[in-house]
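Reading through the structure tokens given below for one structure.
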Amino acid sequence: MALSYVVTGGGRGIGRGIVERLLGRENVVVAVERDVEALEWAGGRVIPVLGDASAEAIAEEAADLAQQAGTLTGWVNNAAVFRDASVHSDSAECVVDLITANLAPAVVGCTTAVRRFLAAETPGAIVNITSHQAQRAVPGALP
């Protein structure tokens, strides 16, 4: 049986690279994207799910499709919002909203993946992608 994976933000940049690496002769990748055009490069090799990776219904749809295609083996939380904000120039609400926009997809993805792995009694891996901005201070990159 094929192995299947879910990659959020799988249409561009690092997400695309991850999708391309996971694809194989029998592997199936479900890519969650907000922009359907971001997955045009994949042709029919990737199963697209259009929507916000922080929405539980979208994550469940991606998991359903992955499990229909094979054994759900991995989940990569790569989706992110890049918009600078600082506590000295933006409202607290703006900063919190941007932090939530970046944290929520990872929490929803982890929750969905763990529940699916446990229910199927199969081992699986979750990878949470971050940037160098999580390791050192970058002006405006708090969220």
Side-chain angles (χ1 to χ4, degrees), residues 1-87 90 92-143:
M1 179 176 254
L3 300 179
S4 65
Y5 304 88
V6 173
V7 178
T8 67
R12 295 186 177 96
I14 292 171
R16 177 178 173 170
I18 293 166
V19 169
E20 289 175 333
R21 177 70 174 105
L22 290 173
L23 283 172
R25 283 182 47 167
E26 295 184 27
N27 293 350
V28 176
V29 178
V30 175
V32 178
E33 260 297 337
R34 286 179 156 181
D35 178 10
V36 70
E37 292 177 6
L39 292 168
E40 286 179 353
W41 62 268
R45 300 182 309 146
V46 173
I47 300 171
V49 173
L50 186 61
D52 186 334
S54 68
E56 290 184 63
I58 295 296
E60 292 293 336
E61 178 183 352
D64 287 344
L65 291 168
Q67 286 185 308
Q68 290 168 12
T71 302
L72 179 58
T73 302
W75 192 290
V76 179
N77 292 308
N78 176 66
V81 176
F82 292 100
R83 181 174 165 266
D84 288 352
S86 298
V87 294
D90 295 281
E93 180 180 16
C94 174
V95 173
V96 169
D97 286 349
L98 287 167
I99 290 170
T100 301
N102 284 298
L103 182 59
V107 173
V108 169
C110 288
T111 301
T112 304
V114 165
R115 289 177 181 169
R116 294 301 180 107
F117 296 150
L118 291 173
E121 297 181 346
T122 57
I126 299 171
V127 176
N128 294 309
I129 304 297
T130 186
S131 75
H132 68 91
Q133 296 166 345
Q135 297 176 356
R136 65 176 188 266
V138 177
L142 171 66

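Since this is a predicted model, take the numbers as computed values, not measurements. Computed from heavy atoms alone, side chains included, the values below leave out hydrogens, waters and symmetry copies.
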Point-to-point distance, once rounded to the nearest 0.5 Å, from [atom1] of [X] to [atom2] of [Y]:
| X | Y | atom1 | atom2 | result |
| --- | --- | --- | --- | --- |
| L23 | I18 | CG | CD1 | 12.0 Å |
| D64 | I47 | CG | CD1 | 11.5 Å |
| T73 | Q67 | OG1 | CD | 10.0 Å |
| L39 | L50 | CG | CG | 8.5 Å |
| D97 | D90 | CG | CG | 11.0 Å |

Does [Y] offer a backbone N or O that forms a donor-acceptor pair with the side chain of [X] under 3.5 Å?
| X | Y | result |
| --- | --- | --- |
| N128 | N77 | no |
| S4 | A66 | yes |
| T8 | A79 | yes |

If you count the non-hydrogen atoms of other residues, nucleotides and ligands that lie under 6.0 Å from CD in E56, is the total more than 12?
no
Take atom CD1 in I14; do more than 12 heavy atoms of anything else shown fall under 6.0 Å from it?
no
Specify the closest pair of heavy atoms between [X] and [Y], including all atoms of both residues, with the distance to one decimal.
| X | Y | result |
| --- | --- | --- |
| V95 | A85 | CG2-CB, 4.2 Å |
| I126 | F117 | CG1-CE1, 4.0 Å |
| V108 | A59 | CG1-CB, 3.6 Å |

Test side-chain contact (heavy atoms from CB on, under 4.5 Å), reference L65, set V30, V6, V28, output is V30
Any non-hydrogen side-chain atom of [X] less than 4.5 Å from a side-chain atom of [Y]?
| X | Y | result |
| --- | --- | --- |
| R12 | D35 | yes |
| V127 | I129 | yes |
| V46 | V19 | yes |
| V7 | L22 | yes |
| V49 | E33 | no |
| T112 | W75 | yes |
| V76 | Y5 | no |

Is R115 salt-bridged to E60, cutoff N-O under 4.0 Å?
no
Between D52 and R34, is a side-chain contact (heavy atoms from CB on, under 4.5 Å) present by the stated rule, with each step listed?
CA-CA 6 Å; D52 186 334; R34 286 179 156 181; 3.0 Å; yes
